[in-house]
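Input: a single structure, listed below in structure tokens.
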There are 2 protein chains.
Amino acid sequence: MSSLDTLVESLRRLPGVGAKSASRMAFHLLQHDREGAQLLARALQAAAQQIRHCERCNTFTESPLCSLCADPRRDAGKLCVVETPADQAALERTGAFRGYYFVLMGKLSPLDGIGPREIGMHQLMARALDGQVSEVILATNFTAEGEATAHVIGEVLRARGLTVTRLARGVPAGSELEYVDLGTIAHALVDRR
Amino acid sequence: MSSLDTLVESLRRLPGVGAKSASRMAFHLLQHDREGAQLLARALQAAAQQIRHCERCNTFTESPLCSLCADPRRDAGKLCVVETPADQAALERTGAFRGYYFVLMGKLSPLDGIGPREIGMHQLMARALDGQVSEVILATNFTAEGEATAHVIGEVLRARGLTVTRLARGVPAGSELEYVDLGTIAHALVDRR
Ligand SMILES: [Zn+2]
Ligand SMILES: [Zn+2]
């Protein structure tokens with residue numbers, strides 16, 4: 001296989017990139033942006049080597065603790081559970097939450113073989129039962145899978161005696177947090193139930 | 001900047017990839033496909049180092065001559081001018097053309113600063129005037145820029161005494177060859193004017 005074919009095949013592994021898009025990307029990089037190709041190559045290698053998961057919240061980080069978990073000024077009594085770093089970022093942008101997070105890095109999806117183990121349920125339980133957390137706020141997406149994930153996590157944590165709340169349904173059903181406007185998220189946070 | 005931010009920024013240099021797509025790609029690679037990230041990094045480096053331009057037709061190749069230009073069984077009297085390797089591949093799939101190609105690797109676009117020099121006009125003239133080529137078939141896209149490119153190239157080559165033809169307008173106006181069905185392209189090739 002030529003190195004051009006190999007490049008096109010490798011680009012197709014990116015989510016949402018089909019054969020035509022991959023060819024166009026390869027053409028663009030080779031014809032107009034070889035510097036970009038080199039930068040991307042180095043960025044991929046650096047990221048794959050350096051990025052690990054935060055020991056406390058499970059998000060991506062290059063240190064044992066991410067910068068948010070390492071910040072002692074947050075409210076240790078509140079733990080907010082989100083699906084992805086992008087969802088966490090959306091909540092942070094509202095400025096309405098001052099506690100800590102746990103990032104599932106996914107959602108329950110039995111048909112794809114993603115069960116409690118894959119979303120770090122064991123790690124989440126240890127984190128929520130640290131003795132300081134008094135309330136766990138479930139901020140998974142308001143999709144079918146996000147709701148199911150919230151339900152399962154809520155059952156487990158309530159059985160351990162924790163107070164578990166859910167973002168209010170001010171967030172439009174069927175939507176993903178990442179794409180919801182800040183005001184809606186902030187309001188849903190205040191009205192959590 | 002963290003290596004995650006660097007990766008997202010680098011992915012945004014790909015055509016058609018915005019901030020959200022880049023974040024999703026980075027998340028996917030780091031969470032689900034680190035092998036894919038490594039493969040893509042190596043493919044980018046290999047391609048950027050090894051891929052050059054064919055000395056005769058200007059397309060991408062890892063040798064001085066591409067495999068098509070190195071094939072002595074083609075009809076040396078006919079030279080087909082296309083915009084991109086993808087357009088050349090579309091023509092080859094029809095099986096209706098047995099001559100050689102010249103690949104502009106772009107099209108005239110004065111507003112973007114892409115003039116005759118950038119599309120290899122000098123190299124094309126040397127190629128077309130090799131003494132063997134008797135007909136140059138212009139197969140640039142049937143877009144405004146592709147038509148303008150065909151017009152300019154046609155003027156220059158006819159002034160040098162070459163026979164210049166254009167794919168018949170069986171190709172729907174406004175469309176790009178890469179996306180046209182084989183039969184239409186084959187018919188347009190037979191009806192070239
Ligand atoms: Zn953390
Ligand atoms: Zn060639």
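Numbered from 1 within each chain, the chains take letters A, B, ... in sequence-line order. Computed from a predicted model, the values in this text were never measured in an experiment.
Atom CG of A/D33 is separated from atom CG of B/L14 by 9.0 Å, given to the nearest 0.5 angstrom. Once rounded to the nearest 0.5 Å, the distance linking OG1 of B/T61 with CG of A/L4 reads 9.5 Å. Within the model, atoms OG1 of A/T6 and CG of B/L40 stand 11.5 Å from one another, a figure rounded to the nearest 0.5 Å. In this structure, the separation between CZ on A/R52 and CG on B/L30 is 13.0 Å, given to the nearest 0.5 Å. One distance of note links OG1 of B/T84 with CZ of A/F27; it measures 6.0 Å at 0.5 Å rounding. A distance of 3.0 Å separates OG of B/S3 from CD of A/E62, quoted to the nearest 0.5 Å.
For A/A41 against B/Q45, the heavy-atom pair with the smallest separation is CB-CG, 3.5 Å. Counting all heavy atoms, side chain and backbone alike, A/P15 lies closest to B/R24 at CG-O, 4.1 Å.
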Exercise. With side-chain contact (heavy atoms from CB on, under 4.5 Å) as the test, would you mind laying out the steps for B/H53 and A/Q31 before giving the verdict?
Key: CA-CA 10 Å; B/H53 292 274; A/Q31 186 68 14; 3.0 Å; yes
Exercise. Could you go through the side-chain contact (heavy atoms from CB on, under 4.5 Å) check for B/R42 and A/L44 one step at a time?
Key: CA-CA 9 Å; B/R42 284 196 292 273; A/L44 285 161; over 6 Å; no
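Residue B/R13 forms a side chain to side chain contact (heavy atoms under 4.5 Å, CB included) with just one option from A/H28, A/E35, A/M25, A/H32, and that option is A/E35.
Under the 4.5 Å side-chain heavy-atom criterion for grouping Ile, Leu, Val, Met, Phe, Trp and Tyr, B/L39 is not connected to A/L39 through any hydrophobic cluster.
Interface residue A/S2: backbone and side-chain heavy atoms are both found under 4.5 Å from chain B. Heavy atoms of B/L29 lying under 4.5 Å from chain A belong exclusively to its side chain. Residue contact with chain B, scored on non-hydrogen atoms closer than 4.5 Å, involves the backbone and the side chain of A/A37 alike. With a 4.5 angstrom heavy-atom cutoff, B/V17 touches chain A only via side-chain atoms.
Counting heavy-atom pairs closer than 4.5 Å to chain B, the top residue among A/A48, A/A46, A/S23 is A/A48.
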